[in-house]
Visitor: 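First the structure, then my questions, so here it is.
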Amino acid sequence: MKFWQRALKSVTRRKGRSFILFLVIFILGNVIAGAVAIQQSTQNVEKETKKQMGAQATVEMDYEKFDKDQQKNPEKFEDDKWFTPPPTKELEAIGKLPYVKYYDMSISASIGTNKFKAYSPEEGGVSYGGGYKYSFNIKGVNRKEVVDLEEGIIKLESGETFTDKAIKDGENTVLISREVAEANNLSVGDQVAIDVTGEVFSEELMSEDSEEPAAPEIATFDFPVKVGGIFSVVKKENKEKSKDEGMDEEEWRAVEQINTLYMPNELVKALNKEQSQKIWKLSEEDLALQESQDYYQVTYVLKSVDDVEAFREEANALISNEYYQVFASTDQYEQIAGGMKKLGTISKYVVIIAALATILIISLVVLLFLRDRKHELGIYLSLGESRTEIIGQIVVELLLTSIIALVLSLVTGNLLGGAVSNSLLQTDWLSNSGDMMNGYIGGYSLNTPNVSYDDIQSAYKVTFSVGYIISYLLLGLGTVLLSAILPLLYILRLNPKKIMM
C-alpha cells in the first residue's frame with residue numbers, strides 16, 4: 001500500500017484525533033485569516049486613497065521645523081536668509097529626477113475687482129474688504145500643457161491653451177472658467193479690461209498721531225487681456241446634505257478654482273509689477289527688490305504614487321535651505337489616517353504572533369499523536385518501509401486535515417476580520433480624534449482632492465480578493481509545514497529494534 005493511501009485511511013479511521021487537529025488548525029486559522037484580511041484591506045485603502053490624491057509634490061517651507069529651531073536658537077534667525085526659497089536652478093534640478101513625469105513653475109497673484117465679476121454660489125457669496133467686490137486668484141504657467149488640465153482638475157470646453165510663443169513673450173491671453181465667462185458675457189476671442197482695484201494706505205493714514213484716521217484711497221487700473229480659452233471645473237460628487245448645512249470645504253475649493261485665471265508667467269509678472277506701482281505704491285527700490293525675488297510655486301507630477309518617498313529623499317538632498325523640503329499630495333493621508341494605520345499595524349503583529357503560536361501548538365499536538373503511534377511506526381520500519389515514506393505519510397495526513405480547516409477558516413476568518421475591524425474603528429482609540437490637529441501639513445498649494453477620515457473609513461471594506469486568498473493559503477500552508485519539522489525529527493530518531501523489544 002502506498003504511503004499516501006495509508007495517510008488517507010489513517011485520517012478517516014482516527015476520527016477523534018483528526019477532529020482535534022482540524023479544530024486546532026481551524027481556530028488558529030481564523031485568527032490568521034482575520035488578521036490577513038484586515039492587513040490586506042488597510043493596504044488597499046491606502047493604495048487607492050493615495051492614487052485618488054494623485055502623485056504630485058511641491059517644495060515649501062517647513063514651518064514646524066523652523067518654529068522649533070527658532071525657539072531653541074533665536075540668534076540664528078536674525079536675518080531673513082532662511083525665508084529665501086530655493087533658487088530656480090535647484091528647482092529645475094529636482095525636475096530632472098527620473099521619478100518626475102513633468103513639472104510646472106508658476107508665479108501666482110491675487111486681485112480685487114468691481115466691474116469684472118467673479119462667480120458667487122447660490123448659497124451665498126463672500127464679502128471682501130479692500131474697496132473691491134470680487135476677488136480672483138491668478139495662476140501663472142510656464143508650459144503649454146497646463147498642469148490642472150493634465151491632471152483632470154479642470155476641463156477645456158472651448159478655445160485653446162497657450163502656445164510656446166505666448167508663454168515666452170507673456171502675451172495677454174487668459175483662460176477663464178465657464179461661470180466667470182457667463183457672468184461677464186464673454187466668449188473665446190473677446191478682449192476685456194480687468195479693473196484691478198485696491199486700497200492705498202499712505203504713511204499719513206497709517207500714522208498713530210492722526211486723531212481721526214481718514215478713509216483709505218481707492219486705486220484702480222485696467223489690465224487688458226484676451227480670452228484664449230474657457231474651462232469648466234471637474235467637481236467631485238458630494239454626499240447628500242441638508243439645505244441648512246451650507247457649503248463644505250470641497251465646494252469652497254471648487255468656487256475658488258472657478259474664480260482662478262490662468263495666464264503666462266511673464267504676464268503675471270507684469271500684472272504684479274503694475275499692481276505694486278499703482279495699488280501698493282511701492283518705491284523704486286522696493287519694486288526692484290520684488291522683481292529680483294520672483295517666487296515660483298513649483299508642482300512636480302510624478303510617474304507613480306509609489307515613487308513619492310524615493311523622490312522626496314533625493315529631492316530634499318538637492319535643496320540647500322534646510323527649512324525648505326518636499327511636500328507631497330499623499331502627505332494628507334499620513335496625517336488623517338492615523339486610526340487606519342494603527343489597525344494595519346495591529347493586524348501585522350497579530351499575523352506574526354498567530355503564526356508563531358500555530359507552529360508551536362500544531363508541533364506539540366502532532367508530536368503527542370506520533371508518540372502514541374510509536375509502535376505503528378516501528379512496525380512500518382521493521383517491514384522495510386523507509387523513513388522518507390513514513391515522513392511522507394505524516395505530512396500527507398497533516399496536509400489533508402489542514403487544507404480542509406484552512407479553506408473553511410478562509411471564509412469565517414474573513415467575516416471575523418470584518419466584524420472585529422469595524423468594531424475597533426468605532427472606538428475612541430482608533431477614531432483618529434485629535435490626530436488631525438497634530439503636526440503641520442504642507443503642500444496646500446497642490447490642487448488635489450480633499451480627503452477626510454470619514455472618506456477613508458467608508459472606503460475600508462474587508463472583502464474576498466485574489467491577493468487575500470493567495471496570501472492566506474500560502475501563509476497557512478507554510479505555517480503548517482514548518483510545524484511539521486519537530487515531529488519529523490522525532491521520526492528520524494526512531495529505532496525499530498528498541499520499539500519492538
Visitor: Does any part of the side chain of E150, heavy atoms only, come nearer than 4.5 Å to the side chain of V301, both counted from C-beta?
Guide: no

Visitor: Evaluate K278 against D222 for salt bridge (Lys or Arg N to Asp or Glu O under 4.0 Å), listing each step before the verdict.
Guide: CA-CA 11 Å; K278 298 180 179 179; D222 288 339; over 6 Å; no

Visitor: Has S329 got a side-chain atom pairing as donor or acceptor with Q56's backbone, closer than 3.5 angstrom?
Guide: yes

Visitor: In plain terms, say whether K89 and E92 are close enough for a salt bridge, that is, a side-chain N and a carboxylate O under 4.0 Å apart.
Guide: no

Visitor: Flag the pair D331 and R312 as a salt bridge only when some basic side-chain nitrogen lies within less than 4.0 angstrom of an acidic carboxylate oxygen.
Guide: yes

Visitor: Run the side-chain hydrogen bond (donor to acceptor under 3.5 Å, both in side chains) test against Y323 and tell me which residues pass, sequence neighbours left out.
Guide: D69, K76

Visitor: Does atom NZ of K348 have more than 12 heavy-atom neighbours, drawn from other residues, nucleotides or ligands, at distances under 6.0 Å?
Guide: no

Visitor: Would a 4.5 Å heavy-atom cut-off, applied to side chains only, mark V147 and Y102 as touching?
Guide: yes

Visitor: Does any N or O in the side chain of N142 come within less than 3.5 Å of the main-chain N or O of M105, such that one atom is a donor and the other an acceptor?
Guide: yes

Visitor: Give a yes or no answer on whether the side chain of N321 reaches the backbone of T84 with a donor-acceptor pair at less than 3.5 Å.
Guide: yes

Visitor: Would you say that L410 contacts I469 through its side chain, given a criterion of any heavy-atom pair below 4.5 Å between the two side chains?
Guide: yes

Visitor: Are the side chains of K303 and V100 in contact, using a 4.5 Å heavy-atom criterion?
Guide: no

Visitor: Looking at side-chain heavy atoms only, is the closest gap between I153 and Q257 below 4.5 Å?
Guide: yes

Visitor: Are the aromatic ring centres of Y262 and F162 under 6.0 angstrom apart?
Guide: no

Visitor: According to the interplanar angle, ranging from 0 to 90°, do the rings of Y472 and Y468 count as parallel (below 30°), tilted (30 to 60°) or perpendicular (above 60°)?
Guide: parallel

Visitor: Measure from the side-chain N and O atoms of S106 to the backbone N and O of G140, and report whether any donor-acceptor pair falls under 3.5 Å.
Guide: yes

Visitor: Under 3.5 Å, is there a donor-acceptor pair between the side chain of T58 and the main chain of T299?
Guide: no

Visitor: Would you say K133 and T113 make side-chain contact, with heavy atoms under 4.5 Å?
Guide: no

Visitor: Would you say K117 has more than 12 foreign heavy atoms packed within less than 6.0 Å of its NZ?
Guide: no

Visitor: So, the side chain of E90 versus the backbone of S320: is there a donor-acceptor pair under 3.5 Å, distance only?
Guide: yes

Visitor: Can a side-chain donor-acceptor contact be found between D190 and S187 if the only test is distance below 3.5 angstrom?
Guide: yes

Visitor: With a 4.5 Å heavy-atom cut-off, do I107 and K269 have their side chains touching?
Guide: yes

Visitor: Would you kindly say whether E145 and T161 are connected by a side-chain donor-acceptor distance under 3.5 Å?
Guide: no

Visitor: Quick one: sort the F116 and F136 rings into parallel, tilted or perpendicular, breaks at 30° and 60°.
Guide: tilted

Visitor: Provide the closest heavy-atom pair for G170 versus L267 in the form atom of the first, atom of the second, distance.
Guide: O-CD1, 3.7 Å

Visitor: Can you confirm whether L261 sits close enough to I194 that some side-chain heavy atom of one is under 4.5 Å from a side-chain heavy atom of the other?
Guide: yes

Visitor: Sequence neighbours left out, what passes side-chain contact (heavy atoms from CB on, under 4.5 Å) with K226? Give chain and number order.
Guide: Q191

Visitor: Side chain to side chain donor-acceptor pair (under 3.5 Å): which pairs involve residues 164-180, sequence neighbours left out?
Guide: E157-R178, K165-D169, K165-E171

Visitor: Would you say the ring centroid of Y300 lies under 6.0 angstrom from that of F311?
Guide: yes

Visitor: Is it the case that Y99 and E314 place a side-chain donor and acceptor less than 3.5 Å from each other?
Guide: yes

Visitor: Just checking, is any N or O donor in the side chain of N30 or T412 under 3.5 Å from an acceptor N or O on the other one?
Guide: yes

Visitor: Is the side chain of T197 donor-acceptor paired with the backbone N or O of D195 at a distance under 3.5 Å, no angle test?
Guide: yes

